[in-house]
Amino acid sequence: MTFTTPPRPLDAEALFPGLAAHRATATRLHPRAGGPTARDSHVGGPLLWPTGEPWPVCDEPHRYGGPLLAVAQLYARDVPDLAPGPDGCDLLQVFWCPFDLHGPTGYGMHVRLRWRRSAEVREVLAPQPQPGRVGFDGYVPEPCVLHPEQVTEYPYIELLTGELGERVQEWEDAQEEAAYEAEGGDEGEEAAAWPSYQSDLSVAPGWKAGGHAAWNVTGPGRMDCPGCGHAMRLLLTVDSYEWRSDSESWRPRPTGAGAGAGADANRPTGVAVGNFGKLNVFACPQDPAHPHRFSVQ
């Protein structure tokens with residue numbers, strides 16, 4: 001089975017030529033229910049974790065401390081837009097604590113990443129540790145295989161500045177007004193035909209590697225490396241949904257064997273981040289060994 005994102009309803013660079021300088025590619029991961037192995041890129045399956053290496057645990061001071069929950073792993077060979085790991089590492093592994101008991105508020109996520117060289121793992125740990133308790137079912141991903149697809153993205157609208165930002169915002173306002181007028185008459189069904197930059201032309205929804213980050217909850221924020229001060233880049237997005245009602249145009253088209261019932265479900269992983277939002281993971285482009293940063297949107 002393969003998944004293809006439909007063509008964008010409008011050519012963003014034809015509308016706004018200045019966007020070409022901000023073009024980026026992202027790899028949509030399109031997780032779907034399956035039976036992944038430790039040698040696959042996946043969500044919610046067994047990790048390529050070597051026998052004899054300690055499993056990561058939550059070191060935050062709460063009484064439910066224990067083994068972290070394995071969320072996903074990505075091989076560089078499968079994901080074109082996965083940024084390089086440190087020292088030639090080609091495998092990114094993602095963990096989190098299954099409780100909202102962290103950070104300054106005491107209600108935040110605790111996420112940990114592990115890079116490794118896959119060729120160095122000879123014997124895989126089995127069985128693999130599982131938390132004895134979870135605080136929220138949305139932290140437990142369903143086993144999914146991935147169907148990576150590379151797409152083109154442009155920056156979140158509030159990050160566009162100067163004349164380009166003004167032109168895009170004016171166009172966006174005009175589109176919203178046209179959609180509102182269509183809804184107010186007898187043409188309600190036609191409102192969805194009015195594409196917007198924010199929903200249809202800029203940032204793809206769903207799990208993805210690379211590309212641009214969405215800032216729909218907090219508004220844009222600076223993500224500077226705590227190790228060297230350089231501006232960080234989006235490494236990975238973990239999303240509660242593959243698409244939403246306002247991003248229906250990004251709904252992928254499944255083809256091939258297995259493209260029947262459930263193949264285009266928009267919550268295949270069962271993961272819920274925050275209030276059913278998304279987790280953006282940022283990495284330092286100067287040195288991928290520097291600490292990562294995270295933002296929930």
Side-chain angles (χ1 to χ4, degrees), residues 1-5 26-49 67-75 78-79 81-82 91-100 109-114 128-131 134-151 203-211 213-214 216-217 234-245 247-248 250-254 258-281 294-297:
M1 178 171 34
T2 60
F3 288 86
T4 303
T5 298
T27 300
R28 300 187 73 188
L29 300 180
H30 299 314
R32 294 298 184 272
T37 73
R39 300 289 175 177
D40 299 318
S41 293
H42 62 67
V43 171
L47 301 187
L48 189 76
W49 195 267
L68 294 181
L69 198 153
V71 179
Q73 68 175 18
L74 303 177
Y75 286 87
D78 300 325
V79 185
D81 290 294
L82 183 65
L91 178 61
L92 173 65
Q93 297 174 322
V94 183
F95 300 84
W96 59 33
C97 176
F99 291 93
D100 286 324
M109 299 179 69
H110 176 67
V111 183
R112 191 177 303 177
L113 305 184
R114 174 67 162 87
Q128 298 187 350
Q130 297 290 332
V134 298
F136 175 46
D137 288 342
Y139 274 131
V140 185
E142 296 292 333
C144 289
V145 295
L146 306 182
H147 305 273
E149 178 205 18
Q150 200 168 42
V151 298
V203 180
W207 290 62
K208 67 175 186 175
N216 50 293
V217 173
L234 185 64
L235 174 67
L236 176 68
T237 297
V238 174
D239 204 333
S240 303
Y241 291 93
E242 288 298 281
W243 69 89
R244 293 169 172 79
S245 59
S247 55
E248 182 74 23
W250 292 95
R251 180 174 182 165
R253 298 168 177 166
D264 59 350
N266 72 337
R267 289 206 64 226
T269 67
V271 163
V273 175
N275 188 22
F276 290 86
K278 59 179 67 68
L279 169 70
N280 290 326
V281 180
F294 309 92
S295 174
V296 176
Q297 298 293 318

Query raised in the report: Do W96 and F294 have ring centres separated by under 6.0 Å?
Result: no
Report task. Search all heavy atoms of P36 against all heavy atoms of H42 and return the closest pair with its distance. Result -> CB-CB, 3.4 Å
Query raised in the report: Do the non-hydrogen side-chain atoms of V273 and V296 ever get within less than 4.5 Å of each other?
Result: yes
Report task. With the side chain counted from C-beta on, respond yes when R32 and V43 share a heavy-atom pair under 4.5 Å apart, and no when they do not. Result -> no
Query raised in the report: Which atoms form the tightest heavy-atom contact between P129 and P67, and what is the distance?
Result: CB-CB, 4.1 Å
Query raised in the report: Just one of T5, T2, L146 clears the side chain to side chain contact (heavy atoms under 4.5 Å, CB included) bar with H30, so which one?
Result: T5
Query raised in the report: Just wondering, do L48 and R39 contact through their side chains at under 4.5 Å, heavy atoms?
Result: yes
Report summary line: Shortest non-hydrogen pair, A70 vs F95, comes out as CA-CD2, 3.9 Å
Query raised in the report: What residues, two or more places apart in sequence or in another chain, satisfy side chain to side chain donor-acceptor pair (under 3.5 Å) together with N216?
Result: none
Requested in this report: Report the residues that fulfil side chain to side chain donor-acceptor pair (under 3.5 Å) with Y139, sequence neighbours left out, ordered by chain and then residue number.
Outcome: D100
Query raised in the report: Going from CH2 on W207 to CG on L279, what distance comes out if it is rounded to the nearest 0.5 angstrom?
Result: 8.5 Å
**Report entry** Within-4.5 Å side-chain heavy-atom neighbours: V281 and V94
**Finding:** no
Report task. Please determine if R28 and D239 form a salt bridge, counting it only when a charged side-chain N lies under 4.0 Å from a carboxylate O. Result -> no
Query raised in the report: Nearest heavy-atom pair of L47 and Q128: which atoms, and what distance?
Result: O-NE2, 2.7 Å
Report task. Calculate, to the nearest 0.5 Å, the distance between atoms CG and CG belonging to L74 and D81 respectively. Result -> 11.5 Å
Query raised in the report: So does R253 pair up with E149, basic N to acidic O under 4.0 Å?
Result: no
Query raised in the report: Does E242 reach the main-chain N or O of A265 with its side chain, forming a donor-acceptor pair under 3.5 Å?
Result: no
Query - Beyond-backbone contact of L69 with P141, side-chain heavy atoms, under 4.5 angstrom - result: yes
Query raised in the report: Side-chain contact, heavy-atom cut-off 4.5 Å: N275 with V217?
Result: no
Query raised in the report: Is R267 reaching over with its side chain to a backbone N or O of S240, donor-acceptor style, under 3.5 angstrom?
Result: yes
Requested in this report: Look up atom CG in D40 and atom CD in Q73, then write down how far apart they are to the nearest 0.5 Å.
Outcome: 8.0 Å
Report summary line: Here the pair of heavy atoms bringing G211 nearest to A26 is CA-CB, 3.7 Å
Requested in this report: With K208 as reference, evaluate V203, V238, L236 under the side chain to side chain contact (heavy atoms under 4.5 Å, CB included) test and give the passing residue.
Outcome: V203
Report task. Using distance alone, with no hydrogens and no angle criterion, decide if N280 and Q297 have a side-chain donor and acceptor under 3.5 Å apart. Result -> no
Requested in this report: Using modelled atom types only, decide if a donor and an acceptor are shared between the side chain of N266 and the backbone of W243 within a distance under 3.5 Å.
Outcome: yes
Requested in this report: Would you please classify the geometry between the F276 ring and the Y241 ring as parallel, tilted or perpendicular, with 30° and 60° separating the classes?
Outcome: tilted
**Report entry** salt bridge (Lys or Arg N to Asp or Glu O under 4.0 Å) against E248, all qualifying residues, sequence neighbours excluded
**Finding:** R251
Report summary line: Closest heavy-atom pair, A38 versus Y75, reported as atoms and distance to 0.1 Å, is O-OH, 2.8 Å
Query raised in the report: Is the shortest heavy-atom distance from the side chain of V79 to the side chain of L92 under 4.5 Å?
Result: no
